Trainee: 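My questions all concern the structure below.
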2 protein chains.
Amino acid sequence: MSRALSNPDRVSEGTRARVFAAVEETGYTLNQAGRSLRQRTSRTILVALPDIGNTFFSTILDAIEREAVLRGYGVLVANRFAGHDSGRRLHEYFLSNRADGLLLLDGSVQLEQLLALTSPPIGVPLVMACEAIAQSPFHTVKTDNVFAAEVATRHLIGLGHRAIGHIRGPKGNVLSIEREAGFARAMATAGLDVRASWMFEAGFEMSQGLAAAERFVALAERPTAMFAANDETAIGFLSGLRRHGLECPRDISLVGFDDLAFAAHFWPPLTSMRQPREALGRIAAEALIDLIEGEPRRRVPRHTVLSSELIVRASTARLATAPSAPALASL
Amino acid sequence: MSRALSNPDRVSEGTRARVFAAVEETGYTLNQAGRSLRQRTSRTILVALPDIGNTFFSTILDAIEREAVLRGYGVLVANRFAGHDSGRRLHEYFLSNRADGLLLLDGSVQLEQLLALTSPPIGVPLVMACEAIAQSPFHTVKTDNVFAAEVATRHLIGLGHRAIGHIRGPKGNVLSIEREAGFARAMATAGLDVRASWMFEAGFEMSQGLAAAERFVALAERPTAMFAANDETAIGFLSGLRRHGLECPRDISLVGFDDLAFAAHFWPPLTSMRQPREALGRIAAEALIDLIEGEPRRRVPRHTVLSSELIVRASTARLATAPSAPALASL
DNA sequence: GAGGAAAATGCAATCGATTACATGCGGCCA
DNA sequence: TGGCCGCATGTAATCGATTGCATTTTCCTC
């Protein structure tokens with residue numbers, strides 16, 4: 001019976017038909033637990049992410065899930081992943097044979113914990129997506145954040161801005177580091193200074209963008225344009241500026257990153273670097289499943305880099321020729 | 001060995017210690033597949049939702065996952081669930097012993113398919129959340145949409161608005177129906193007419209709110225306030241109005257529904273009915289796991305109703321005493 | 001100290017699909 | 001027509017944890 005189901009295997013047409021008929025009639029369904037036990041395979045992948053609640057990740061998860069289902073895999077999610085016990089949690093999932101591979105969207109897991117998982121004794125197939133470490137020994141799928149950030153910054157420079165600041169992502173995060181590097185490179189290339197007082201610490205959350213705005217308005221001398229590490233902080237930042245009567249793009253031009261669905265409908269519509277999130281999720285899932293089903297671990301890590309696209313909207317404008325001091329008009 | 005792990009079971013302290021020592025030493029981990037096969041249990045729940053990419057659902061999923069992990073369950077996700085084959089997919093998941101229970105966030109699955117799943121031959125524990133059918137034979141966890149919509153509408157009426165319209169959710173969706181009913185009830189109670197031309201068909205997506213705005217501006221006579229079935233359409237709608245020079249709340253007051261994180265940072269900050277999404281997810285997960293672990297199916301369906309909260313922000317304003325025709329100022 | 005009850009442990013069967021191996025059947029060639 | 005090859009199918013072992021049952025050990029009471 002098992003033979004007939006591994007389709008055109010080695011059974012005669014007659015028996016195959018009989019088996020399928022019996023399956024139809026009795027409503028037989030394969031018991032995954034039995035198969036898993038025997039084949040030491042679960043046909044399930046584990047997706048570990050920092051925050052499902054965040055649209056950015058949930059869109060990617062959407063694409064991952066779609067691809068996985070297409071290839072007959074289930075998707076287990078592990079949210080809020082990083083933490084002191086992430087190593088133990090990973091261990092449990094894989095040693096216990098619950099998942100065949102790990103798709104990691106969280107760059108802040110300790111490298112050594114990952115190595116412990118992927119090397120011989122355990123040998124879990126692993127693909128890092130989005131927040132992939134650069135020269136990583138694993139398969140990675142990501143966008144070229146450095147270049148994208150450079151493009152975003154050049155866009156501001158191209159509009160005539162010279163005084164440009166940056167809202168950083170979370171400290172230590174790979175994406176933050178790369179985006180800041182791209183920003184710095186564009187500034188350097190254009191011969192512009194990066195002023196320390198125009199670099200704002202934030203995270204990737206709206207509330208942190210809001211807080212950055214408070215520090216921004218307190219500045220004696222303000223930049224005329226800002227590049228935010230992601231759309232959420234950009235949106236929080238603008239929301240904060242408005243409370244002080246500053247308007248975008250009149251008083252400041254702003255570029256975000258990610259091009260969330262909300263960015264287009266925000267006021268003003270947000271200029272942003274669009275990340276190919278669907279492609280990212282799909283390709284990562286493909287890569288992981290290929291890895292799971294492929295030759296046992298003799299494949300060299302492949303690094304896929306996708307490119308982002310600058311979507312220009314109304315939040316960025318040409319610098320007024322006579323730069324007026326931002327008026328503190330009240331609402 | 002299995003006995004010692006089902007803790008203070010019936011082993012002497014000595015053997016227990018020896019077993020644990022051995023576990024430590026050899027790095028033994030329980031194989032889920034083996035356990036699943038024997039116990040006919042997977043310690044996994046399946047969460048079926050219409051769209052993970054949507055923040056509304058992803059926040060709920062976040063809460064569900066947290067509660068599930070706390071109780072030792074894994075979370076499998078099935079996205080874009082409704083569809084012609086949802087019945088078959090459900091069947092496969094459960095007959096194949098991959099999940100112990102179903103948490104359904106999608107109200108559009110056929111009732112008969114669910115009944116087939118929950119009744120005797122299969123008997124899958126099921127909890128419906130968010131989009132629960134009213135008098136459903138299953139456990140449900142939801143918010144009181146009718147009442148919440150009524151509160152939202154009353155808020156507009158209280159601000160002096162008399163000409164009020166509604167942007168509907170997707171046709172046939174339980175939430176849409178309930179929210180429209182609440183709107184109608186508030187209007188009726190206040191002795192106001194519900195004008196058919198002020199009821200806009202939309203879905204729950206921004207693009208549909210945007211499209212509704214086009215139809216809105218084409219009206220000969222416009223309402224002074226609108227109640228949107230959710231925040232996304234509200235945001236799309238406002239974005240559309242702006243393209244025609246209409247401003248909120250100057251030209252129109254607008255109430256949304258859900259209170260997404262973006263609502264507070266939008267411009268203008270959106271008045272919205274806050275749904276207790278974390279509580280909703282957590283309680284639904286608790287209920288499902290209780291059901292799974294509880295007495296075999298002799299429990300009567302329990303219906304939990306949570307209440308929403310009106311969050312008043314700048315998108316709603318008192319009706320100007322002399323209602324001026326909306327100026328078509330250009331950007 | 002013996003008898004018996006209770007507790008602890010050993011043993012083997014079980015869950016269901018897979019798979020290696022053995023057996024059976026038919027056809028083909030000499 | 002006999003022998004051999006290969007395909008098709010039957011049979012049984014296996015994966016690992018659990019669990020019912022049998023057996024042994026412990027401990028208490030008379």
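All values reported here derive from a predicted model rather than from experimental measurement. Proteins get letters first, then strands, A, B, ... in listed order; numbering begins at 1 in each.
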Trainee: Give each protein N/O atom lying under 3.5 Å from an N/O atom of nucleotides 12-14 of chain D, with the pair distance.
Mentor:
from   : atom 1 : to      : atom 2 : distance (Å)
D:dT14 : O2     : A:Arg38 : NE     : 2.8

Trainee: Kindly say whether B:Ala48 contributes a backbone atom to a donor-acceptor pair with the side chain of B:Asp106 at under 3.5 angstrom?
Mentor: no
Trainee: Would you tell me whether B:Tyr73 and B:Glu293 have side-chain atoms, one donor and one acceptor, within less than 3.5 Å of each other?
Mentor: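 Their side chains do contain a donor-acceptor pair, which is all the 3.5 Å distance test asks for.
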Trainee: How close or far is atom C1' of C:dT14 from atom CG of B:Leu37, stated in whole angstroms?
Mentor: 8 Å
Trainee: Pairs under 3.5 angstrom only: tabulate donor-acceptor contacts from the side chains of residues 276-285 of chain A to other protein residues two or more places apart or in another chain.
Mentor:
from     : atom 1 : to       : atom 2 : distance (Å)
A:Arg277 : NH1    : A:Thr59  : OG1    : 3.0
A:Arg277 : NH2    : A:Asp259 : O      : 3.4

Trainee: Give a yes or no on whether the backbone of B:Ile52 and the side-chain of B:Asn79 come within a donor-acceptor separation of less than 3.5 Å.
Mentor: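 Indeed, once roles are kept as given, a pair shorter than 3.5 Å links the two residues.
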Trainee: Name the closest nucleotide to the B:Gln39 side chain, picking from C:dA17, D:dA17, D:dT19.
Mentor: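 Between C:dA17, D:dA17, D:dT19, the one nearest the side chain of B:Gln39 would be D:dT19.
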Trainee: Take atom CG of B:Leu30 and atom P of D:dA17, then tell me their distance rounded to the nearest Å.
Mentor: 6 Å
Trainee: Could you state the atom-to-atom distance from CG of B:Asn97 to P of D:dA17 in whole Å?
Mentor: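 Computing the B:Asn97:CG to D:dA17:P distance gives 17 Å.
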Trainee: Round to the nearest Å and state the distance from B:Arg43 atom CZ to D:dT18 atom P.
Mentor: 11 Å
Trainee: Apply side chain to side chain donor-acceptor pair (under 3.5 Å) to A:Ser42 and A:Asp100, showing your working.
Mentor: CA-CA 6 Å; A:Ser42 57; A:Asp100 295 340; 2.9 Å; yes
Trainee: Does one side chain, of B:Arg43 or B:Ser36, offer a donor that lies under 3.5 Å from an acceptor on the other?
Mentor: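 No.
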